[in-house]
Amino acid sequence: MINGYGLGLRTDHYAEFVEQKPQLDWLEIISENYLVPGGKPLHFLDRIRADYPMVMHGVSLSIGSVDPLDFVYLKQIKSLAQRVEPGWISDHLCWTGVDHTNLHDLLPLPYTEETLRHLTRRISRVQEFLGRRILLENVSSYVLCAQDEMSEWEFVSELAARADCFLLLDVNNVYVSARNHGFNPHDYIDALPGNRVRQIHLAGHQDNGELVIDTHDHPIRDEVYELYAHTLRKLGPIPTMIERDDHIPPLQELLAELEQVRQTAAAAIGLARKMEVA
Amino acid sequence: MISLADWQRQFQQGVLYRQPPTALAGTATVSAGRRFEVYAGAYRLRLTEALKANYPVLHQALGDEQFDRLALAYLEAHPSVSSNIRWFGDRLDDFVRLHDELLSHPALADLIRLEWALCCAFDAPDRKILDGTHVAQIPAGSWPELVFELHPSVHLITLHWGVETLWHTTKAAHEEQQEPVPAPHLTLVWRQQLHTHFRSLDNSEATLLLELSQGGCFARICELAADLSHDEATPLAVGLLQRWLQDQLLTGCRFPAEGVSFP
Ligand SMILES: [Fe+2]
């Protein structure tokens, strides 16, 4: 059972997790880092898993691609899940390449009926194959397709219902995309089906003024804390973690940042309860 | 109306060739072209970083500017086709053979081979290790037939330059780099528990370990040892076998005729 507050497991912190076992509710692993035959990654994975609950987060499912689903990859994910026994498995609402090329990026999809149908079919096949429902995460984007038929939040909500999947809400990505495309991030949050949002990502970004870039190399910014508080007031408590992928600070710093997340959440949920009572 | 397939093909071509596709929505403040450039730029940066992660010493030896030039040329010739970015750079060895102008010294081609072997040894499959106690149990009469199995992390690579020194001095960021000298030899790369190692082999060890890696039985290894050192053949073969056991290169042995395996 995954509850409370977590961090992404990064190689820089392996030794500390093994030796000091800091207090933490759960860890998220990048699945691909452990889709290797043996050696250090799997050694530390097993040792750290013995002490912490984990969830698996992938970057290569490419659920939106028009290429056939990669069942070699899915088999690897399935066997890693047997090893890790994760609380859940997630990936991104995007595509990563086409014609067997992999750009290793989380690329934007047109928000159209055609994409909805394509994704619904593929999510069902993946969920059937893995024998469980998956979580899909909203990605940050810098361009939109000129022929979008609906907003991103309409698209995401409709997809979750049709495909019967869960959502991983990246609050930072909502903020980044809202700034880049000029929408109100509250419109996005308020439209989401609360019962389907099972996990939240928080991260830092780089504000270049006209364009905001999702870099995961800074602490969480105040604007994102505010949007996070708004999210919890709307949706109630949801397991939350910090994603840090670059300029990775000492673990203690991330744990302190996570404490700030916890306090933000406690204040937001407390306030929401008071408002309900009133 | 653009189809999903066309959107993806145009977008991908756009990233690969740095040409924004037509079906993008821009805004008054930021053009579609500038928005698209975020993806095109990030792609080159990310894959260059991935190549650096697999070839850290080559990166140090070449410096940022030259390494980036090599990375971008490689990326253009071999975009990633793997679901795991960890394997990006698997064809760099072949690529530089055709493009030696991208390397400041021909010995760096050997450095590429060495770093890729280290990279493969790092997360090669785990196996139980054959140790001295297992070997002590083998009946004396079975020895000639005995065939040893190497750990899957073991790589024997042919190098033309003495790049091992270059590897160490670059890694230690020594000011004074000695020019690598031409020296054709075989280098052993492997993982012992969690740590990767390499060492260059002298002619005797290279000959015997190569034979072992190709499935040659112990009698054949002793024959080769006799060719190398007529009087000291047995100490040579036994001494090397002990060293390989110590280095944890061996995972098992079997007697093909009887179909029996150890351990
Ligand atoms: Fe995220």
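Each chain gets a letter, A, B and so on, in the order its sequence line appears, and its residues count up from 1.
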Quick one: closest heavy-atom pair of [X] and [Y], and the distance?
X        : Y        : value
B:Ser80  : B:Ser82  : OG-N, 3.4 Å
B:Ile2   : B:Ala23  : CD1-CB, 3.8 Å
B:Pro125 : B:Pro152 : O-CG, 3.7 Å
A:Ile134 : A:Cys165 : O-CB, 3.6 Å

Point-to-point distance, once rounded to the nearest 0.5 Å, from [atom1] of [X] to [atom2] of [Y]:
X        : Y        : atom1 : atom2 : answer
A:Glu137 : A:Leu168 : CD    : CG    : 5.0 Å
B:Leu114 : B:Glu164 : CG    : CD    : 6.5 Å
B:Trp167 : B:Asp110 : CH2   : CG    : 15.0 Å
A:Ile77  : A:Gln82  : CD1   : CD    : 12.0 Å

Is any side-chain heavy atom of [Y] closer than 4.5 Å to one of [X]?
X        : Y        : answer
A:Tyr52  : A:Leu9   : no
A:Phe17  : A:Asp51  : no
B:His99  : B:Tyr74  : no
A:Leu69  : A:Val126 : yes
A:His201 : A:Asn172 : no
B:Arg97  : B:Ile112 : no
B:Leu118 : B:Trp116 : no

(request) Kindly determine whether A:Asp214 and A:His216 satisfy side chain to side chain donor-acceptor pair (under 3.5 Å), including the steps that lead there. (result) CA-CA 6 Å; A:Asp214 175 31; A:His216 295 188; 2.9 Å; yes
(message) Is the distance from the ring center of A:Phe183 to that of A:Trp153 below 6.0 Å?
(response)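 Yes, ring centres under 6.0 Å apart.
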Do you know which of [options] has the most heavy-atom pairs with chain A at a distance under 4.5 angstrom?
options                     : value
B:Met1, B:Arg127, B:Arg86   : B:Met1
B:Pro21, B:Ala25, B:Ala121  : B:Ala25
B:Ala124, B:Pro79, B:Ser153 : B:Ala124

(request) Heavy-atom distances under 4.5 Å only: say whether B:Phe122 touches chain A with side chain, backbone, both or neither. (result) both
(message) Report which part of B:Val81 has an atom under 4.5 Å of a heavy atom belonging to chain A: side chain, backbone, both, or neither.
(response) both
(request) Find the one option among A:Asp99, A:Thr112, A:Ile213, A:Asp70 whose heavy-atom pairs under 4.5 Å with chain B are most numerous. (result) A:Asp99
(message) Please rank A:Gln147, A:His104, A:Glu32 by heavy-atom pairs under 4.5 Å with chain B and give me the top one.
(response) A:His104
(message) Heavy atom to heavy atom, less than 4.5 Å: which residues from residues 36-47 of chain A reach chain B?
(response)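 So the qualifying residues are A:Val36, A:Pro37, A:Gly38, A:Gly39, A:Lys40, A:Pro41, A:His43, A:Phe44.
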(message) Taking 4.5 Å as the heavy-atom cut-off, does anything in residues 54-66 of chain A contact chain B, and if so which residues?
(response) A:Ser60, A:Gly64, A:Ser65, A:Val66
(request) Check whether A:Ser141 gets within reach of chain B through its side chain, its backbone, both or neither, counting any heavy atom under 4.5 Å. (result)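 For A:Ser141, heavy atoms of backbone and side chain both lie under 4.5 Å from chain B.
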(message) For A:Asp148, which atoms come within 4.5 Å of any heavy atom of chain B: side chain, backbone, both, or neither?
(response) neither
(message) With a strict 4.5 Å heavy-atom criterion, list every residue of residues 4-18 of chain B that contacts chain A, or say none.
(response) B:Leu4, B:Ala5, B:Trp7, B:Gln8, B:Arg9, B:Phe11, B:Gln12, B:Val15, B:Leu16
(request) For chain A, find its close neighbours in residues 45-72 of chain B: heavy-atom separation under 4.5 Å, sorted by number, or none. (result)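 Only B:Arg46, B:Leu47 of residues 45-72 of chain B have a heavy atom under 4.5 Å from chain A.
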(request) Identify whether the distance between the nearest side-chain nitrogen and carboxylate oxygen of B:Arg34 and A:Glu210 falls below 4.0 Å. (result)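 Answer for the salt bridge query: yes.
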(request) Quickly, which of A:Leu159, A:Leu144, A:Val156 forms a side-chain contact (heavy atoms from CB on, under 4.5 Å) with A:Tyr111? Name it, please. (result) A:Leu144
(request) Could you go through the ring pair (Phe, Tyr, Trp, His ring centres under 6.0 Å) check for B:Phe198 and B:Trp190 one step at a time? (result) CA-CA 6 Å; B:Phe198 65 85; B:Trp190 83 106; 8.7 Å; no
(message) Can you tell me if B:Arg91 has over 12 outside heavy atoms packed within less than 6.0 Å of its CZ?
(response) no
